[in-house]
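If you're wondering where the values come from, they're calculated on a predicted model, not measured in any experiment. Hydrogens, waters and symmetry mates are skipped; everything else that's a heavy atom, side chains included, is used. Position 1 is the first residue of the sequence; numbering continues from there.
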Amino acid sequence: MTERQKRRLILLTVLVFGIGSATALMLYAFQQNLLFFLTPTQVAAGQAPEARAFRLGGMVQDGSVERQEGIAVQFRVTDFAQEVLVEYDGILPDLFREGQGVVVRGQFRQNVFYADEVLAKHDENYMPLEVKDALEAAKTLTTE
């Protein structure tokens, strides 16, 4: 093997290793930032990922909002089949209220969803497609 062939082989090896490393890092970053969307029925069925953030969507159950000390609040999110207790320590959106659609982001631990972010629907006709589909599916399950 000549000196030129050795340099080409080293360059090719470094190039393949670099592209492989970059690809692996991109896939890892994508996986870490991937947020699943679940309904209260799916959470109750044990489908919630452990120690990972995900989004929970449904309706704020009537009569479930309880203000705690400071700006902390507890409420229940339901899909009319199951419900999940949510704890949030922050300022709620202006449109947040009982009986309205909501999507919360956070982690589920010890039968409580600890929310980092609360998103309320922004007008009377809008509801995230994922929440709408999940609520319709839950209604179909409860009527069968």
Side-chain angles (χ1 to χ4, degrees), residues 5-144:
Q5 289 174 330
K6 285 181 184 178
R7 273 191 268 154
R8 274 189 171 167
L9 182 61
I10 290 171
L11 180 63
L12 183 63
T13 303
V14 169
L15 188 63
V16 168
F17 180 74
I19 290 173
S21 298
T23 303
L25 288 173
M26 285 179 14
L27 291 174
Y28 177 75
F30 178 73
Q31 181 183 12
Q32 293 301 311
N33 291 322
L34 185 65
L35 285 178
F36 295 104
F37 175 84
L38 298 175
T39 64
T41 299
Q42 291 170 315
V43 172
Q47 297 177 11
E50 293 191 25
R52 283 208 46 197
F54 66 95
R55 293 179 299 154
L56 173 70
M59 304 294 282
V60 178
Q61 188 175 39
D62 289 331
S64 70
V65 178
E66 295 178 15
R67 305 281 177 185
Q68 305 295 317
E69 216 173 285
I71 56 175
V73 65
Q74 278 187 347
F75 57 93
R76 294 189 178 277
V77 174
T78 183
D79 60 1
F80 305 115
Q82 296 288 332
E83 60 188 48
V84 174
L85 178 65
V86 176
E87 287 190 8
Y88 178 64
D89 190 14
I91 298 172
L92 291 169
D94 291 337
L95 297 174
F96 177 88
R97 64 183 59 91
E98 295 176 355
Q100 297 287 348
V102 68
V103 175
V104 293
R105 182 184 56 137
Q107 292 186 1
F108 187 70
R109 295 185 308 265
Q110 300 168 352
N111 296 327
V112 177
F113 188 88
Y114 295 95
D116 300 327
E117 181 180 29
V118 175
L119 303 169
K121 69 180 197 174
H122 66 272
D123 72 22
E124 290 302 315
N125 300 319
Y126 174 78
M127 182 177 296
L129 186 59
E130 296 166 316
V131 174
K132 186 177 181 181
D133 291 344
L135 291 174
E136 288 175 7
K139 283 183 184 177
T140 335
L141 288 175
T142 56
T143 58
E144 290 179 354

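- Phe96 has its side chain out of reach of Leu119: every pair of non-hydrogen atoms, C-beta onward, lies at least 4.5 Å apart.
- Minimum heavy-atom separation, Ser64 to Arg76: OG-N, 3.1 Å.
- The backbone N or O of Thr41 sits less than 3.5 Å from a side-chain atom of Asp79, completing a donor-acceptor pair.
- Remark: side-chain polar atoms of Asp116 are not paired, donor with acceptor, to backbone N or O of Gly106 under 3.5 angstrom.
- Using a 4.5 Å cut-off on side-chain heavy atoms (C-beta onward), Gln42 and Thr39 make contact.
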Verdict with reasoning, Phe113 to Val104, per side-chain contact (heavy atoms from CB on, under 4.5 Å): CA-CA 9 Å; Phe113 188 88; Val104 293; 3.5 Å; yes
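- Here Gln61 pairs with Glu83 under the side-chain hydrogen bond (donor to acceptor under 3.5 Å, both in side chains) rule; sequence neighbours left out.
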Val84 vs Leu56, side-chain contact (heavy atoms from CB on, under 4.5 Å): CA-CA, chis, key distance, verdict: CA-CA 9 Å; Val84 174; Leu56 173 70; 3.9 Å; yes
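- Note that CZ of Phe36 and CZ of Arg55 are 11.0 Å apart. Values are rounded to the nearest 0.5 Å.
- For Tyr88 and Phe75, the distance between ring centers is not under 6.0 angstrom.
- Across all their heavy atoms, Leu92 and Arg67 have their closest contact at CD1-NH1, 3.4 Å.
- No side-chain donor-acceptor contact under 3.5 Å links Gln100 to the backbone of Arg97.
- Within a 6.0 Å sphere centred on CZ of Arg8, heavy atoms belonging to other residues, nucleotides or ligands number 12 at most.
- The OH atom of Tyr114 lies 5.0 Å from the CD atom of Glu87; values are rounded to the nearest 0.5 Å.
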Residues Ile19, Leu15; criterion side-chain contact (heavy atoms from CB on, under 4.5 Å); working and verdict: CA-CA 6 Å; Ile19 290 173; Leu15 188 63; 4.2 Å; yes
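- Here Gln110 contributes atom CD and Leu85 contributes atom CG; the two are 12.0 Å apart, rounded to the nearest 0.5 Å.
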Intermediate values then yes/no, side-chain contact (heavy atoms from CB on, under 4.5 Å), Val102 and Val77: CA-CA 8 Å; Val102 68; Val77 174; 3.9 Å; yes
